[in-house]
Amino acid sequence: AQSVTQPDIHITVSEGASLELRCNYSYGATPYLFWYVQSPGQGLQLLLKYFSGDTLVQGIKGFEAEFKRSQSSFNLRKPSVHWSDAAEYFCAVATVIKAAGNKLTFGGGTRVLVKP
Amino acid sequence: DAEITQSPRHKITETGRQVTLACHQTWNHNNMFWYRQDLGHGLRLIHYSYGVQDTNKGEVSDGYSVSRSNTEDLPLTLESAASSQTSVYFCASSPTPGTSTYNEQFFGPGTRLTVL
């Protein structure tokens, strides 16, 4: 069965510093991978996604992620963090159940705190 | 603009009562999903539907039911609410196969349910 692991429950980073969030997945076929962000009291917003092709994916809000098949990883990065990036981040893998649709399996999330 | 809405946004109920959470989307998506979010568990799939009259159990379906009578709505019912069902519930939808955003899910704002 597919699974997603986010090893870091909390990360604290200073404003202006770089950020990297780790994500490891387990899935037998070619994965469809996503990063979502959840601001306090809000729903989930898609940051970026990987389906195929270039392994470095650019997303919204200055985020990028790199797919590494050999390491079963899809880590999220941002070169310079802004206070508004304080949120919870979720990695997810999509699995096609049948021709009509798909399911997402989520990691446990990483909460990012930004220090002034 | 197309959107996905949930109601109520907050609900307090008592153990043993039946509760229904509403989810309505105007994306015209065939696929709809219900998740619960609990600390340390990320989002876990409760039920999902790939079209009208289609429903499927997710990984944490015990005590919950859904019905799909039209494309726009997927209400979630807690047959007899338990304290263990205190959680934040998210509804999501995704397009049908063949579209560029096939695997991407769009999330509602969530419903915070407290069972006393």
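Please read all numbers here as calculations on a predicted model, not as lab measurements. Chain letters run A, B, ... following the sequence lines, proteins first and then strands; every chain starts at 1.
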[X] versus chain A, heavy atoms under 4.5 Å apart: side chain, backbone, both or neither?
X     : result
B:L45 : side chain
B:R44 : neither
B:Q37 : side chain

Taking atom [atom1] of [X] as the centre, does the number of heavy atoms from other residues, nucleotides or ligands within less than 6.0 Å exceed 12?
X      : atom1 : result
A:R77  : CZ    : yes
A:L113 : CG    : yes
A:L56  : CG    : yes

Linking I/L/V/M/F/W/Y whenever any side-chain heavy atoms sit under 4.5 Å apart, do [X] and [Y] land together?
X      : Y      : result
A:F74  : A:V37  : yes
B:Y89  : B:L116 : no
B:F106 : B:L76  : no
A:F51  : A:F90  : yes
B:W34  : B:W27  : no

Are the side chains of B:F107 and A:Q42 in touch, meaning some heavy atoms are under 4.5 Å apart?
->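 Answer no - side chains too far apart.
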
Sub-4.5 Å side-chain heavy-atom contact between A:L104 and B:Y35 |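 Yes - at least one pair of side-chain heavy atoms lies under 4.5 Å apart.
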
In Å and rounded to the nearest 0.5 Å, what is the CG to NZ distance from B:N31 to A:K103?
->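 NZ of A:K103 is found 13.0 Å from CG of B:N31.
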
How long is the gap from CG on B:L43 to OG1 on A:T105, to the nearest 0.5 Å?
->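 Here the rounded value is 11.0 Å.
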
Where A:F34 and B:E104 come nearest, the two heavy atoms and their spacing |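 It is CE2-CA, 3.9 Å.
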
Quick one: of A:R111, A:Q6, A:Q38, who has the most non-hydrogen atom pairs under 4.5 Å with chain B?
->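 Of the candidates given, the most pairs with chain B belong to A:Q38.
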
So, the side chain of A:Y36 versus the backbone of B:Q105: is there a donor-acceptor pair under 3.5 Å, distance only?
->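 Judged by distance alone, yes, a pair lies under 3.5 Å.
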
Under 4.5 Å from any heavy atom of chain B - which part of A:Q45 =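 Neither part.
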
Side chain, backbone, both or neither: which part of A:L44 has a non-hydrogen atom closer than 4.5 Å to chain B?
->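 Both parts, heavy atoms under 4.5 Å.
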
